[in-house]
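Before any comments, here is the structure.
Residue numbers begin at 1 in each chain, while the letters A, B, ... track the order of the sequences.
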Number of protein chains: 2
Amino acid sequence: MRPLIHPAIDDVRPEAILHALSDPARAAIFARIMRAGCVEACSALAAVGDRVIPKSSLSNHFKILREAGLIRSERAGVEVRNHSRWDEIEARFPGLLPGIINAYAATPAGNADGIAALDDD
Amino acid sequence: MRPLIHPAIDDVRPEAILHALSDPARAAIFARIMRAGCVEACSALAAVGDRVIPKSSLSNHFKILREAGLIRSERAGVEVRNHSRWDEIEARFPGLLPGIINAYAATPAGNADGIAALDDD
DNA sequence: AGCGTTAGTTCCAGATTCCCGAACTATCGG
DNA sequence: CCGATAGTTCGGGAATCTGGAACTAACGCT
């Protein structure tokens, strides 16, 4: 159980972010973490929309989001607390994340998965 | 040889765009088509950065860009002319493409592949 | 301390997707 | 009709994705 690798902000690559968010389930998870500011992992997110996601897949999704630099995960007792790295990424790649989140929000499927538009908040 | 399918703009899905552009080679190709307004396909784009791309891979890249809704391809004699669908996509998903292109442009690898920042044009 | 429970990770095999050389098709110029 | 050029399709090995099952770690309780 290795200790949760996070890339430095300067090592974050756009293709990793796009790949991570090109899966609607991961985009929905990220939107939820972003919105909540901090969401504990698997148990709280066992479903996206109406689709149930197995624990192992969920664990893998978090890993991909983490290694793309989108979230920061820290162990808090039994569970893992996940924060979005929104501000860091917005500083490095301005407009990237808002564009992506709003694009999903402009879509029926995205809405069904709980991705809502930002309009600066 | 079926006749080049393009999705209607309302059928374009964000995940398809993100997936298409999550490959740096495809992002570079798209940036080039976008910048030139219109670029004939394979022969003119046989290399991205310093990496040579085989014809079959290139053909596949164009297909993915096309089916994601990012470009429109039409046969012109022997060759295929590709146009970016930038305006349509910008109207449907405002800020999405600028965010992505600028993110790549903010990166050494992206620059090496010829992706330059926009700053509205 | 020992046990049960809960939270997540790791392992692995089947399914899917990606990559690219080789063969094929289509169009133009002579 | 022939050759050359532009691009697509085919096929199979490589890489990646998915999810069930087994495993590990941190409590809470007695």
Side-chain angles (χ1 to χ4, degrees), chain A residues 1-6 13 15-30 32-33 36 38-68 71-83, chain B residues 1-6 13 15-30 32-33 36 38-68 71-83:
Chain A
M1 218 174 236
R2 54 146 176 45
L4 302 175
I5 304 288
H6 301 86
R13 288 166 314 143
E15 60 264 42
I17 292 181
L18 297 184
H19 172 249
L21 296 181
S22 70
D23 180 328
R26 281 195 295 261
I29 291 171
F30 177 69
R32 203 133 126 200
I33 291 175
C38 173
V39 168
E40 53 291 352
C42 299
S43 63
L45 283 160
V48 167
D50 55 355
R51 179 167 174 65
V52 174
I53 302 180
K55 287 204 307 178
S56 59
S57 302
L58 215 31
S59 180
N60 190 47
H61 284 330
F62 278 104
K63 180 174 150 198
I64 289 172
L65 290 171
R66 182 166 54 240
E67 295 182 353
I71 63 176
R72 192 178 295 279
S73 310
E74 60 191 39
R75 292 184 198 286
V78 238
E79 63 189 21
V80 174
R81 205 93 54 167
N82 295 285
H83 316 257
Chain B
M1 218 176 237
R2 57 153 173 42
L4 302 176
I5 304 287
H6 301 86
R13 287 166 314 144
E15 59 265 41
I17 292 180
L18 297 184
H19 172 248
L21 296 181
S22 70
D23 180 328
R26 283 195 294 263
I29 291 171
F30 178 69
R32 201 131 127 202
I33 291 176
C38 174
V39 168
E40 53 291 353
C42 300
S43 62
L45 282 160
V48 167
D50 55 355
R51 181 169 171 62
V52 175
I53 303 180
K55 286 204 309 177
S56 59
S57 303
L58 214 32
S59 179
N60 191 45
H61 285 329
F62 278 104
K63 179 174 151 196
I64 289 172
L65 290 170
R66 182 166 56 240
E67 294 182 353
I71 63 177
R72 193 179 295 280
S73 310
E74 61 191 37
R75 292 185 197 286
V78 242
E79 62 189 21
V80 174
R81 204 94 53 165
N82 295 286
H83 315 258

Can you build the contact string for nucleotides 21-30 of chain C? Use B for base contact, S for sugar-phosphate-only contact, and - for no protein heavy atom under 4.0 Å.
BB---SBS--

Taking all non-hydrogen atoms of both residues, which atom of A/Ile64 and which atom of A/Arg26 are closest, and how far apart?
CD1-NH1, 3.5 Å

Nearest heavy-atom approach of B/Ile53 to B/His61 is CG2-CD2, 4.3 Å

What's the [atom1]-[atom2] distance between [X] and [N], to the nearest Å?
| X | N | atom1 | atom2 | value |
| --- | --- | --- | --- | --- |
| A/Leu58 | C/dT9 | CG | C1' | 12 Å |
| B/Glu67 | D/dT8 | CD | C1' | 13 Å |
| B/Arg66 | D/dG7 | CZ | P | 11 Å |
| B/Lys63 | C/dC18 | NZ | C1' | 12 Å |
| B/Ile71 | D/dG7 | CD1 | P | 12 Å |
| B/Glu74 | D/dA6 | CD | P | 18 Å |
| B/Ile29 | D/dG7 | CD1 | P | 12 Å |
| B/Leu4 | D/dT8 | CG | P | 7 Å |

For residues 17-25 of chain B, run the donor-acceptor check on the side chains, cut-off 3.5 Å, and write out each pair with its distance to 0.1 Å, sequence neighbours left out.
| residue | atom | partner | partner atom | Å |
| --- | --- | --- | --- | --- |
| B/Ser22 | OG | B/His19 | O | 2.8 |
| B/Asp23 | OD1 | B/Ala25 | N | 2.8 |

Of the options A/His83, A/Arg66, A/His6, which is the one that meets A/Ile71 in a side chain to side chain contact (heavy atoms under 4.5 Å, CB included)?
A/Arg66

Any heavy-atom pair between the side chains of [Y] and [X] that's under 4.5 Å?
| X | Y | answer |
| --- | --- | --- |
| B/Ile29 | B/Leu58 | yes |
| B/Lys63 | B/Ser73 | no |
| A/Phe62 | A/Ile33 | yes |

Write down the protein N/O and nucleotide N/O pairs, taken from nucleotides 14-17 of chain D, whose separation is under 3.5 Å; answer none if there are no such pairs.
| residue | atom | partner | partner atom | Å |
| --- | --- | --- | --- | --- |
| D/dC17 | OP1 | A/His19 | NE2 | 3.1 |

Could you tell me the separation between the CD atom of B/Glu67 and the CD1 atom of B/Ile5, rounded to the nearest 0.5 Å?
7.5 Å

